[in-house]
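Note that these values count all heavy atoms, side chains included, but never hydrogens, waters or copies made by symmetry. Being a predicted model, the structure only gives us computed values, none of them experimental. Order of the sequence lines fixes the chain letters, A, B, ..., with proteins taken first and strands second; residue numbering starts at 1 for each chain.
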Amino acid sequence: MHFQSVAPKYAYTSLNHLKDGTIVNLYGIVKFFKPPYVSKGTDYCSVVTLVDPSNVKLTCTLFSGNVDSLPKIYKVGDIVRFHRIKIREYNGQMQGITSVGFASLTFDGTVGAPVVPRTSSKVYTFMDEEQKIVEELRVWAASNLSVCGPAAKLSGVQPMLFFDLTCQLVGKAKVDGSSFLLKVWDGTKCPYPTWKVPVEARDVEGEKVLLHQLQNLMVDILVYDNHVQLAKSLKIGSFLRIYSIHTKQASAVDEDVSHIEFHLHGGTCYGRGIGVLPESNPDVKELKDFNFPLFGFWLCVCIIIIRKFFLILDFESRLQRCQQLPVTVLTDHQDLNNTELKTILNSTAPQQYRIRAKLRTYKPQKLYQSIKLHCSKCNSLQEVPDGDDFDFILQGSAITAPNAELQNTSWYDSVMWTTQDEKQRKIAIHFVKHDEMLQQPEDTLLMIEGGTLKEVWKLTKIFKCVIPVRSTEEDLELLDLSAPFLLQGNIKYYGCKQCSTPKPIKSLSSIAKQINLFSSVLGIELLQYVFIMKFTLIDGTGALNAYLFDYEKFFQIPASEILSNNFLQHKMQMTMNTLCPPGGKLDDLPWLECFIKSYNVRDGMKHQVYYQIFDTTVAEDV
DNA sequence: GTTTAGGATTCG
């Protein structure tokens with residue numbers, strides 16, 4: 001056919017038929033290689049040792065002023081096709097060397113992998129015949145060459161050895177004339193303490209947020225001498241394979257435990273060097289770990305934070321802010337005179353009084369039972385749902401897999417992955433876009449589908465706002481309102497089932513930046529946490545039951561925070577113990593000054609006067 | 001149409 005006559009026909013020489021002084025074309029399996037490095041002359045150099053089914057080896061020394069025209073070999077076992085390589089004899093052995101017009105193709109050596117050539121040539125011949133040769137070489141290599149084990153990860157490094165690391169460049173810094181620092185991460189955590197090269201944070205090039213987030217995960221690799229020039233030119237965020245890193249166990253004078261140092265020594269022995277991997281590389285894909293395309297830098301940051309989160313399961317609880325313990329009770333306005341309880345009991349309601357009384361007893365004695373949820377619209381009170389309720393609702397919603405159609409919209413970006421366990425649960429996280437994302441990724445509002453109670457809880461530890469959602473056919477929607485519709489730090493926000501009319505999540509797109517508007521936009525009537533207590537007050541003239549209905553003012557503790565905060569619970573118990581010492585005699589009880597108001601409640605024919613404490617705060621002193 | 005490196009771990 002006409003087309004065939006146009007394509008040049010290449011003859012390939014097997015490695016046992018090479019002759020001194022010839023220029024040939026050949027195929028080979030990479031047995032050894034040095035990734036391109038800067039030579040002492042004018043060019044880049046790469047040394048490649050090949051083997052083929054004739055079982056003869058050929059070491060080639062390849063030079064080029066353009067690093068891209070050297071073969072793109074990433075690992076031993078890759079298959080190469082060289083065109084126009086010159087054969088010479090050197091030290092009694094055949095040697096390959098670049099000649100004019102040298103060109104190369106490189107293929108993954110894995111049996112069954114797509115046969116896609118890596119090359120810098122714009123034009124090259126590659127047809128069915130060539131594809132067949134590559135596939136045959138793969139099969140031959142699989143049964144005749146020893147395969148190296150899986151590449152080492154940071155999580156599997158051992159002291160005192162050399163290994164290749166596939167990783168991402170997070171930061172870099174100049175150290176001195178002969179060494180350069182690379183800060184890299186491979187998605188895992190080194191089990192040993194790792195060495196930190198003393199470099200000022202401001203001298204490290206890289207994304208500050210990322211460097212901060214990954215400070216305990218990434219490792220410092222000090223590269224020396226001939227590798228410095230290449231290291232300097234590396235782009236932050238690029239994927240690297242660093243060959244023959246030396247792990248050295250050492251301990252500083254002031255350290256009890258030894259640490260591991262990572263060195264890329266000078267020279268190119270054993271292929272020591274640095275290679276840049278394209279994003280299409282299968283090992284890079286594995287490194288990214290998630291089966292989704294990357295959408296941009298800020299999302300990578302969020303993903304890395306999440307990954308960090310799922311990797312490190314131990315968290316230091318935040319330091320509780322120190323708060324002074326209050327003891328007695330003060331009043332706000334001072335214009336009213338004290339009124340005896342007897343007088344109050346004999347008066348008609350409604351009226352307001354200032355009183356001086358002692359707290360004889362109070363209910364409920366178990367203080368956590370005093371926390372309720374209050375709807376200011378319908379005035380209903382309800383118990384705070386417990387974690388089991390939430391877990392049950394999350395489990396129910398996780399049965400439906402995230403709808404792929406609802407991933408990545410104009411106002412949020414999504415990541416989805418499948419859990420590694422036997423349940424193969426699908427989790428989707430949707431990051432609502434906002435302007436300051438890059439500076440403070442933790443400020444991102446996110447929505448989660450398919451998460452467990454533990455996962456949702458952990459996410460709230462780093463991200464400001466988390467909304468649990470599920471997919472419908474058209475939109476994301478809130479879960480049952482027995483579950484919190486929004487989690488902010490330790491606080492779970494609930495909506496009133498009676499008064500809320502949940503709207504589709506897409507309503508959020510317009511106000512995604514204003515978190516305080518969430519509930520109204522989503523059609524949720526927000527339930528507020530309140531303390532409800534009954535105080536029995538006495539003053540020697542009579543006894544009166546007054547209700548405390550308090551969001552925050554009386555105890556100076558937000559009712560919303562008490563259930564998730566042991567410190568605040570303790571503080572509240574101490575306060576009550578001071579106001580009403582357990583087992584205390586009447587004389588031992590402190591005096592309380594407070595405002596109460598009386599009001600009428602009519603239920604059919606029954607009429608009753610109730611009393612409620614207002615404008616009163618527990619004092620801060622003593 | 002020259003050199004570079006020519007596989008075989010640094011010693012910081």
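Distance noted for atom P between B:dA5 and B:dG1: 23 Å (whole Å).
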Summary of protein contacts for nucleotides 6-12 of chain B, nucleotide by nucleotide, where a base hit scores B, a sugar-phosphate-only hit scores S (4.0 Å, heavy atoms): BBSBB-B
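Applying the 6.0 Å contact sphere to CD of A:Gln215 captures more than 12 heavy atoms from other residues, nucleotides or ligands. At most 12 heavy atoms of other shown residues, nucleotides or ligands fall within 6.0 angstrom of atom CG in A:Asp128.
Side-chain rings of A:Tyr74 and A:Phe239 stay apart, their centers remaining 6.0 Å or farther from each other. Aromatic ring centres of A:His83 and A:Tyr12 lie closer together than 6.0 Å.
Residue A:Asn226 contributes atom CG, which lies 13 Å from atom C1' of B:dT4 at whole-angstrom precision.
The stretch residues 58-80 of chain A participates, sequence neighbours left out, in these salt bridge (Lys or Arg N to Asp or Glu O under 4.0 Å) pairs: A:Asp68-A:Lys72, A:Lys75-A:Asp283, A:Asp78-A:Arg118.
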